[in-house]
Amino acid sequence: MRRLTLAVLLLVGACSAGPPPSEVVPRTAAAPQPANASTVSAAPSSSAGAAPACDATASLRPGALPPANQMPDGSTMARIAQRGRLIAGVDQNTYLMGFRNSFTGEIEGFDVDVARQIAKAVFGDEKKVQFKVVTAAERIPMLQRGDVDVVVRTMTITCERLKDVAFSQVYYQAGQRVLVRRNSGVTGVEGLADKRVCVASGSTSLNNVVNRVKTTVSVPNWTDCLVMLQQGQTDAISTDDTILAGLAAQDPYTEVVGARFTDESYGVGVPKGQDDLVRFVNGVLERMRADGTWAAIYGRWLTPLGPAPAPPVARYRD
Ligand code: GLU
């Protein structure tokens, strides 16, 4: 409060002591950038080199789902049940997928509902879940530290990531596209060769565009990219069509252009070595497909992307 008063006094002082309006010099300071924005010059390669090719989207076959509140003794699910809540890493910045509803303060979205279904399968109660907000770059470290039981956050299954974490079967099939200001003249990724493009650090989106555009700026959250686009600090944002649909819904002066130019198969991230939890989550996803829950959740959040497609077909490696 004291600080506010001081600020107001300084402002008033500045106004009364300043030059008359006709002599006011136009403000030329550049708009501030989001915290931790940085320019990326080339695709970052991991120290261990590129991951060997793998059948990334083939997961572990589920057995019969145990009834809620009857998790097998000694299982990862029994440990979660013992704690009394599932801990799920989700986003709070991605409208439609994982975002904070500013009226209720609740975190909502497609990914959030998937996490709630996992909680419901363990406890018979979809409210028994604690959400931890996680950026794209924090997903793998949080799983590796055991800070969360699962990550449900627009996370593409890749061979590179499978070196560090495990994944469920594919629960959503997204693809990368481009968001620009309306009437920009850009009609797809091919038009970005001489442009500045914003991406989130730690995302597959970054690697997918960094060698195809003039400048790549990385920021912690996709909403940071939207601010940079609005301030004219970037020419485009490129990421999954799910995320872009949420950004476009928040800013009618933007539009999604061009076709999908990658496949982004979303999986639920699980700490490596917890095969029982991977099979359990796959059982939950199978049930969601079969009983119409998947389609209902799609209908609740993702109709801006068009009518519900058939859910992805499960693939297993065992
Ligand atoms: N699906 C992409 C990924 O897993 C982008 C998602 C995101 O950054 O939230 O990296």
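We count ligands from 1, going down the list as the structure has it; atoms in each ligand are counted the same way.
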What atoms of ligand 1 come within less than 4.0 Å of a heavy atom belonging to S205? 5 (C)
Using a strict cut-off of 4.0 Å, indicate which atoms of ligand 1 neighbour a heavy atom of T156. 1 (N), 2 (C), 3 (C), 4 (O)
Listed by chain and number, what are the ring-ring contact (aromatic ring centres under 6.0 Å, His included) partners of F280, not counting sequence neighbours? none
What atoms in ligand 1 come closer than 4.0 Å to a heavy atom of M155? 4 (O)
Those atoms of ligand 1 less than 4.0 Å from some heavy atom in I243: 6 (C), 7 (C), 9 (O)
Among all protein heavy atoms, pick out the one at the shortest distance from atom 5 (C) of ligand 1; state its residue, atom name and that distance to 0.1 Å. D240 OD2, 3.5 Å
Going by the rule salt bridge (charged side-chain N to carboxylate O under 4.0 Å, His left out), which residues pair with D224 if we only count those two or more places apart in sequence or in a different chain? none
S203 contact mode with ligand 1 (heavy-atom cut-off under 4.0 Å): both
Just do the side-chain contact (heavy atoms from CB on, under 4.5 Å) check on F261 and Q176 with the steps written out, would you? CA-CA 6 Å; F261 59 95; Q176 187 160 341; 3.5 Å; yes
Check whether any heavy atom of M97 sits under 4.0 Å from an atom of ligand 1. no
Ligand 1 versus D91: contacting region, heavy-atom distance under 4.0 Å: neither
Counting only N and O atoms by type, is there a donor-acceptor contact under 3.5 Å from the side chain of R83 to the main-chain atoms of R85? yes
So, does L206 sit close enough to ligand 1 that a heavy atom of it is under 4.0 Å from the ligand? no
Would you mind listing which atoms of ligand 1 come within a distance below 4.0 Å of any non-hydrogen atom of A136? 8 (O)
Can you check which of T94, N93, T154 brings a heavy atom nearest to atom 6 (C) of ligand 1? T154
Do R260 and Q173 have side-chain N/O donor and acceptor atoms under 3.5 Å apart? no
Where is the nearest protein heavy atom to atom 2 (C) of ligand 1: which residue, which atom, and how far? T204 OG1, 3.2 Å
Quick one: do R153 and D91 make a salt bridge, cutoff under 4.0 Å? yes
For the pair Y171 and Y266, name the ring-plane relationship: parallel under 30°, tilted 30 to 60°, perpendicular over 60°. tilted
Heavy atom of R153, distance to ligand 1 below 4.0 Å: yes
Checking heavy atoms under 4.0 Å, the part of R161 that sits near ligand 1 is side chain
For Y266, atoms of ligand 1 separated by under 4.0 Å from a heavy atom: 1 (N)
Taking the ring centre of each residue, are F99 and W301 less than 6.0 Å apart? yes
Taking distance alone, with N or O pairs closer than 3.5 Å, would you say W222 contacts ligand 1? yes
Without hydrogens or angle criteria, can the side chains of E264 and T204 be said to hold a donor-acceptor pair below 3.5 Å? yes
Donor-acceptor pair between D291 and T293 side chains, under 3.5 angstrom: yes
